[in-house]
Amino acid sequence: MQIYSFLFKWKKNCQPIFKKNVSLQSVRTMYVCSNQLVAGLEKTKKKCMSQIENKLEISRLLRNWYQKHKRELPWRESSDPYIIWISEIILQQTRVAQGMDYFLRFTGRFPDVASLASAEEDEVLKYWQGLGYYSRARNLHAAAKDIMERFGGVFPQHYKDVISLKGIGEYTAAAIVSFVWNQPYPVVDGNVFRVLSRLFAVDTPIDTPKGKKAFTELAGVVMDPEYAGWHNQAIMELGALQCVPQNPDCGVCPLKERCMAYGAGTVQSYPVKQNKTKTRDRYFHYLYINYKGKTWLSRRKGKDIWEGLYEFPLIETDRAVDFAGLQETDAFRRLFAGAGKLDVSVGLSGVKHVLSHQILYATFYRIEIERENEALQSFLSVPVEELDKYAVPRLIHIYLEKLE
DNA sequence: AATACGGGGTT
DNA sequence: AACCCAGTATT
């Protein structure tokens with residue numbers, strides 16, 4: 001029973017990092033889980049003491065490793081919550097190398113909350129062009145306005161206020177308050193899932209609410225709350241550089257003696273995932289319509305890909321069709337009714353564009369018309385040389401590059 | 001609980 | 001082709 005009183009004390013120390021009160025049993029499970037020497041635990045308080053040392057030792061090893069191996073990144077030079085915020089949003093589901101230029105350009109143009117809040121959404125999207133997950137940019141913009149109104153333009157410090165902002169979830173809120181103010185909230189991102197699942201050989205699927213909860217608790221247990229920010233960066237960096245998804249070089253890992261998966265030779269089988277994403281095929285026919293140096297665009301609206309971005313008039317079919325087939329569609333006939341004779345050429349055909357849940361097969365037609373007709377009124381008329389002012393999806397950009 | 005949301009890199 | 005990336009919001 002001695003062990004329980006000790007665990008209780010331990011739990012009390014760690015309590016601030018848990019959002020809800022957790023049961024003693026749950027703490028014990030985590031505690032046992034957070035150490036390899038599961039069998040030795042039930043013995044003495046002294047033994048237990050050394051295990052606690054072990055727990056802190058993991059955090060210490062991570063931080064030491066981090067000091068030696070961390071990358072120099074621009075946002076790591078800053079302690080401005082705004083800068084950290086921007087970097088975290090850009091880095092969601094995005095590699096550092098891919099987001100770097102965007103970060104520099106974005107913070108150059110929008111150096112603080114006020115400048116972002118007062119910008120037009122179209123300009124914010126333009127700065128996001130090509131990065132993907134465009135709701136991040138729209139939410140960033142909305143959140144900046146929100147900060148102006150609700151917090152007087154000052155970035156909030158309380159976790160509950162931070163997470164109340166659009167586009168900021170558990171991970172990003174924890175990252176901001178721990179990096180900037182060293183608040184003891186554990187971060188749980190793809191890296192942390194991987195490191196922890198291997199370190200403690202946890203086979204709970206990470207892509208379920210249950211898995212997320214379990215790993216968040218475990219992350220809180222492993223973290224030394226006194227060095228929360230440092231620890232959080234360290235464990236993510238380890239996942240990014242050392243404990244990589246495939247073929248990690250475990251021989252040089254600072255945690256190899258403590259890694260249960262490494263000990264069992266099962267590193268490759270972690271983390272466990274349950275849901276496989278399924279994709280669907282779509283067939284896009286873009287119409288680059290020309291008349292007196294002008295063309296036409298439309299702004300995509302909600303509940304589909306690329307919300308807020310611009311594109312050429314689009315006809316989507318449910319199967320692959322050639323131009324003859326396209327001409328027969330109602331959409332095509334309506335669009336060109338009264339436009340006179342069409343001079344059609346194929347700009348790009350059979351472009352395959354892969355998204356996370358869709359595979360797009362796109363063809364671009366360049367169509368000269370004789371007259372502006374009624375149907376074109378519902379589109380935005382744009383001088384051809386001003387096309388680059390509009391934020392467009394990567395797929396459209398590929399075609400624009402070819403036009404030059 | 002499951003799925004949608006981009007684009008690019010690695011193996 | 002499959003998997004993953006400093007995840008979040010919606011259904």
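Side-chain atoms are counted along with the backbone in the values below, which use heavy atoms only and exclude waters and symmetry mates. Reminder, nothing fancy here: chain letters follow the sequence lines and each chain counts from 1.
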Over all strands shown, is [X] touching base, sugar-phosphate only, or nothing at heavy-atom distances under 4.0 angstrom?
| X | value |
| --- | --- |
| A:R194 | sugar-phosphate |
| A:I168 | sugar-phosphate |
| A:E307 | nothing |
| A:Q274 | sugar-phosphate |
| A:W128 | nothing |
| A:G99 | nothing |
| A:R76 | base |
| A:N247 | sugar-phosphate |

[X] [atom1] to [N] [atom2], straight-line distance once rounded to whole Å:
| X | N | atom1 | atom2 | result |
| --- | --- | --- | --- | --- |
| A:Q358 | B:dG7 | CD | C1' | 13 Å |
| A:E88 | C:dT8 | CD | P | 9 Å |
| A:R138 | C:dG7 | CZ | P | 19 Å |
| A:L91 | C:dA6 | CG | P | 7 Å |
| A:I235 | C:dC5 | CD1 | P | 14 Å |
| A:Y102 | B:dG6 | OH | P | 13 Å |
| A:E170 | C:dA6 | CD | C1' | 15 Å |
| A:L395 | B:dG7 | CG | P | 8 Å |

(request) Map A:Q246 and A:D207 onto DNA chain B by nearest heavy atom, then report which one ends up closer to the 5' terminus. (result) A:D207
(message) Heavy-atom nearest nucleotide on DNA chain B for A:T208 versus A:T94: which residue maps closer to 5'?
(response) A:T208
So which nucleotide from [options] ends up closest to the side chain of [X]?
| X | options | result |
| --- | --- | --- |
| A:T172 | B:dC5, C:dT8, B:dG7 | C:dT8 |
| A:P245 | C:dC4, C:dA6, B:dT3 | C:dC4 |
| A:I305 | B:dT3, B:dG7, B:dG6 | B:dG6 |
| A:D189 | C:dG7, B:dT3, B:dG8 | C:dG7 |

(request) Measure the CG-CG distance between A:N232 and A:L62 for me, rounded to the nearest 0.5 Å. (result) 10.5 Å
(request) Compute both the distance and the angle, then confirm whether A:R319 meets the cation-pi test with A:Y283: under 6.0 Å from the six-membered ring centre, within 45 degrees of the axis. (result) no
(request) Would you verify whether the NZ or CZ of A:R105 falls within 45 degrees of the ring axis of A:Y102 while also being under 6.0 Å from that six-membered ring's centre? (result) yes
(request) Between A:I163 and A:Q98, just flag the one whose closest nucleotide in DNA chain C comes earlier from the 5' side. (result) A:Q98
(request) Please figure out whether A:A240 or A:L165 has its closest DNA chain C nucleotide nearer the 5' end. (result) A:A240
Can you tell me, in whole Å, how much space there is between the [atom1] of [N] and that of [M]?
| N | M | atom1 | value |
| --- | --- | --- | --- |
| C:dC5 | B:dA1 | C1' | 23 Å |
| B:dG9 | C:dT8 | C1' | 22 Å |
| C:dA6 | B:dA4 | P | 23 Å |

(message) Quick check: A:F151 with A:F155 (ring centres under 6.0 Å apart)?
(response) no
(message) Please find the pair of heavy atoms, one from A:Q242 and one from A:P254, that lie closest to each other, and give the distance.
(response) CG-CD, 4.4 Å
When you check the phosphate oxygens OP1 and OP2 of [N], does a side-chain N or O of [X] lie under 4.0 Å from one of them?
| X | N | result |
| --- | --- | --- |
| A:Q93 | C:dG7 | yes |
| A:Y134 | B:dG7 | yes |
| A:H357 | B:dG6 | no |
| A:K278 | B:dA4 | no |

(message) Angle between ring planes, A:Y286 versus A:F364, binned at 30° and 60°: parallel, tilted or perpendicular?
(response) parallel
So does [X] reach the base of [N] with its side chain, donor to acceptor, closer than 3.5 Å?
| X | N | value |
| --- | --- | --- |
| A:S356 | B:dG7 | no |
| A:R95 | C:dC4 | yes |
| A:Y171 | C:dG7 | no |

(message) Is it the case that the side chain of A:T94 and the backbone of A:L91 share a donor-acceptor pair, with hydrogens and angles ignored and the cut-off at 3.5 Å?
(response) no
(request) Run the salt-bridge test on A:E368 and A:R366 with the 4.0 Å N-O cut-off and return the result as yes or no. (result) yes
